Amino acid sequence: MIARSLKWSRHNLFAKPFDVLLSLTVIPGVLWLIWQIAGWALTVAQWDIIPQSLRVLMIGIFPVDQAWRTWVAAMIIAALLGAALGCVFAFRGRHAGGLLLVVAVALVLTGTKGLANILCVAALVALFGLSWALISRVPAARRGLVPASFVGLIAIFAVMAPPGAGLWGGLLLSILLTLVTAVVTLPIGILLAFGRRSRFSSVRWICTAYIEVMRSVPLIMVVYWIWILMPVLTPQLNLADVVRGMIGFTLFYSAYVAEYVRSGLQAVPRGQTEAARSLGMSEFDINRSIVLPQALRVVVPPLVGNVLDIFNTAPLVFIIGLTDFLRAGQMILANPQYGDRTYEVYSFLFLTYFLVGSLITFVARKLEKHLARGSR
Amino acid sequence: MTVQTQANVAGNVADDDLPARRRRNRIRYNATQSAIVAAAIVLVVLFAFAVKEGLARHGIRFSFSFLWDAAGFDISEGKTVALEDGVWPALLNFTSDHLIAQAFVTGIFNTIKVAVLAILLSTVLGTLLGVGRLSTNWVVRNLSFWCVEFVRNTPLLIQLVFWYFAVVLHFPPIAAAAKVYGVVISQQGLYFPVPTWQGGDSVLAIGTATAFWVAILGVLFDRNGTVRWICAGAVLLLGAMMFATGIVGLDLPVASKFQARGGTSMSPEMAALLLAIVVNSASYIAEIVRGAIDALPKGQWEAAASLGLTRRDTVNDIILPQVFRVVLPSFGNQYISLTKNTALGIAIGYPELFNIYGTIANQTGHSLEGIVIVMASYLILSWAISAAVGWADRRMTRHGASR
């Protein structure tokens with residue numbers, strides 16, 4: 001054992017003089033940093049602020065007596081995400097163990113909040129697992145997925161709307177924004193991508209100009225612009241800030257999705273369209289049932305990465321006065337009572353973002369491997 | 001599924017019919033084309049009309065004349081183009097009696113300032129991290145991996161506010177500022193030493209300085225490798241000479257109780273924005289570099305090893321030159337997105353273009369006209385970056401091909 005570890009460290013840490021130098025400076029530095037952080041986290045930090053303000057972090061300033069609406073919305077989201085996962089990865093026994101672990105962690109976080117919350121968390125995870133298992137075991141259920149996701153999104157809006165869309169906030173808002181943007185940009189992006197290689201030069205021009213302009217301006221500007229433009233254009237409609245933000249995100253990310261899809265379209269060999277044409281299929285049918293399925297297959301991993309991008313830019317809605325996850329954390333810190341808890345709150349925010357982001361990256365990488373297998 | 005019954009197969013059609021069909025197809029194509037153009041124009045006109053109506057309802061007229069009004073607000077940092085003594089255009093500090101157009105110029109100046117610095121620093125840091133991810137040293141490899149993963153999987157905005165509120169604003173106050181190699185680090189900002197011109201107008205001094213700059217141009221632009229090395233040597237030699245003879249002095253910042261004097265300063269907002277953007281961009285660049293290294297044929301490593309090159313020589317002389325030729329377009333995209341990311345400076349109050357636009361929109365109410373200007377500025381910046389990267393790319397490929 002000792003001999004093996006010595007051999008390992010000779011090969012991996014002290015192979016050459018330069019490596020020795022590097023190891024001897026970096027390892028103590030890293031250890032010191034870990035020691036400092038661990039010491040702070042275990043002794044100095046006062047973590048009680050996290051459970052105390054968990055509700056604000058999760059749902060913002062949504063009224064407490066209406067909180068059941070957010071639970072319903074969260075359950076719909078969990079079911080949709082589980083179903084999406086089920087399309088790609090089969091549900092296995094060990095996954096159930098992982099879900100139990102998630103419940104345990106959630107219980108530690110919400111444990112002091114009473115039985116109702118514990119039941120809700122358990123139901124949330126159970127729903128996620130159930131829809132995952134259902135979709136992966138019953139392939140026929142996948143046909144209903146696209147309509148179901150639209151119905152689900154509308155249901156979320158219907159459930160959440162009554163107390164006022166201005167009250168949406170916290171992590172729930174970030175996730176909702178990401179979900180809506182990801183779902184709505186897909187059809188628009190596909191249309192734009194096809195428009196960019198249309199037979200008609202005018203369509204090509206318009207789509208190219210749209211995509212290129214959107215890709216060279218900052219998202220924060222687009223969101224702000226849509227936010228001030230909407231009331232000017234449609235004064236009678238009186239859209240909520242949240243909806244205007246979603247429109248801004250959608251317009252911006254459509255251009256990115258279009259570029260991903262276009263790269264996928266280019267990856268489809270010419271022979272495919274030529275073969276379909278020689279069979280006498282119409283252009284529309286060729287695109288819909290020959291080109292698009294093959295193109296989408298290639299671009300699924302980058303599109304999942306795009307979802308991560310959307311989630312990571314969701315905090316930009318602060319510019320139009322919305323309280324997303326990050327802003328909720330800052331709101332807590334603005335309370336003078338909690339002024340000295342900066343590092344605790346930021347650690348929690350960073351950790352949550354990192355967990356969600358790593359999960360999405362992990363899924364994207366798995367997908368890449370999964371899809372590459374077939375095309376060998 | 002509809003099957004085209006009248007397939008465009010020449011054999012099915014009588015020969016005299018073909019020109020007529022071609023003409024018909026062409027006319028149909030042109031008609032559709034014109035209809036689309038007309039529809040687009042109508043849409044744009046309708047849109048413009050609706051905007052004008054909506055603005056009129058609020059009592060605002062769409063016009064750019066507000067650009068020539070006095071600004072009436074101050075900007076904490078940044079230069080603008082103004083006529084010095086009413087004669088020569090020069091870079092001056094912005095004051096509230098300047099025009100609004102000049103405020104926009106200040107914003108563009110600040111954006112470019114951060115973007116250029118961030119591009120330089122993040123390229124260096126990103127390449128180091130990317131090479132670090134392929135290091136033979138286990139600790140370095142994993143450390144680079146986790147740093148890159150962490151930064152890429154968390155939002156830039158939270159990184160930015162963390163750097164600002166939790167790091168830069170927790171620097172010591174200026175009275176107790178930390179000093180590292182002449183750099184003063186404090187809450188009020190960072191202060192760097194700068195070289196200053198002490199040579200007056202003596203011919204020898206000006207001649208040396210001119211030779212110095214010519215040598216730098218030679219390092220950057222000369223095609224001949226040997227000449228570039230000679231120029232680099234000349235740069236070092238002339239630089240050292242100028243310091244030694246006192247033609248160029250060093251202006252060190254000195255911190256007193258309330259402020260620091262001398263040197264050049266960087267506001268805390270700019271320091272935080274720069275840190276956040278450099279670290280963020282560097283991890284994306286690291287990923288690009290790693291991807292490109294992974295994509296190189298294994299034979300390159302093996303051939304270098306069989307020639308007896310050390311790993312460091314292999315990386316420096318075999319791998320990286322090839323990698324840089326491949327990654328430049330991706331670097332260009334990253335530089336563009338980095339420039340766009342500077343717009344987040346509004347979250348911490350750094351006066352870049354978007355932040356100044358926000359102030360102007362609040363003060364004058366001309367938010368839509370302002371958006372047109374901001375959008376055009378970002379478009380031009382993006383095009384400039386992609387043109388520069390395209391130029392470098394062509395230059396590099398040509399060199400590679402001739403070698």
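This is a predicted model, so every value here is computed, not measured. Order of the sequence lines fixes the chain letters, A, B, ..., with proteins taken first and strands second; residue numbering starts at 1 for each chain.
- Residue contact with chain A, scored on non-hydrogen atoms closer than 4.5 Å, involves the backbone and the side chain of Gln159(B) alike.
- Interface remark: Thr361(A) contributes side-chain atoms only to the contact with chain B (heavy atom separation under 4.5 Å).
- Atom OG in Ser358(A) sits 9.0 Å away from atom CZ in Phe150(B) (nearest 0.5 Å).
- Here Asp309(A) contributes atom CG and Arg152(B) contributes atom CZ; the two are 8.5 Å apart, rounded to the nearest 0.5 Å.
- With rounding to the nearest 0.5 angstrom, the CH2 atom of Trp146(B) is 5.5 Å from the CZ atom of Phe354(A).
- Residue Leu316(A) touches chain B through both its backbone and its side chain, counting heavy-atom pairs closer than 4.5 Å.
- Residues Asn312(A) and Thr154(B) have side chains that never bring a donor and an acceptor to within less than 3.5 angstrom of each other.
- Scanning all heavy atoms of the two residues, the minimum distance from Ile346(B) to Ile319(A) falls at CD1-CD1, 3.7 Å.
- Leu229(A) CG to Ser367(B) OG: the interatomic distance, rounded to the nearest 0.5 Å, is 9.0 Å.
- Although no hydrogens or angles enter the test, the distance criterion places no donor-acceptor pair under 3.5 Å between the side chain of Lys340(B) and the main chain of Ile220(A).
- No side-chain heavy atom of Pro218(A) sits less than 4.5 Å from a side-chain heavy atom of Phe354(B).
- Rounded to the nearest 0.5 Å, atoms CZ (Arg327(A)) and CG (Leu157(B)) are 9.5 Å apart.
- Taking every heavy atom of both residues into account, Val51(B) and Leu233(A) meet most closely at CG2-CD2, 3.8 Å.
- Contact annotation for Val30(A): only side-chain heavy atoms (C-beta onward) come within less than 4.5 Å of a heavy atom of chain B.
- Ala347(B) and Phe318(A) make their closest contact through CB-CZ, 3.6 Å (heavy atoms, listed as atom of the first residue, atom of the second, distance).
- With a 4.5 Å cut-off on non-hydrogen atoms, Tyr224(A) touches chain B through its side chain but not through its backbone.
- Every residue two or more places apart in sequence or in another chain that forms a ring pair (Phe, Tyr, Trp, His ring centres under 6.0 Å) with Phe162(B) is listed here: Tyr346(A), Phe350(A).
- Heavy-atom distances place the side chain of Tyr343(A), and not its backbone, under 4.5 Å from chain B.
- Of the inter-residue distances, the one linking Trp225(A) atom CH2 with Leu368(B) atom CG reads 8.0 Å to the nearest 0.5 angstrom.
- Both the backbone and the side chain of Leu349(A) come within contact range of chain B, each with at least one heavy atom under 4.5 Å from a heavy atom of that chain.
- Contact residues of residues 31-42 of chain B toward chain A are Thr32(B), Gln33(B), Ile36(B), Val37(B), Ala40(B) (heavy-atom distance under 4.5 Å).
- When all heavy atoms of Tyr29(B) and Arg199(A) are compared, the closest pair comes out as OH-O, 2.9 Å.
- In terms of heavy-atom pairs under 4.5 angstrom with chain B, the leader among Val26(A), Val222(A), Ile228(A), Thr342(A) is Ile228(A).
- For Ser201(A), the parts lying near chain B are the backbone and the side chain together; criterion is any non-hydrogen pair under 4.5 Å.
- Interface remark: Trp205(A) contributes no atoms to any contact with chain B (heavy atom separation under 4.5 Å).
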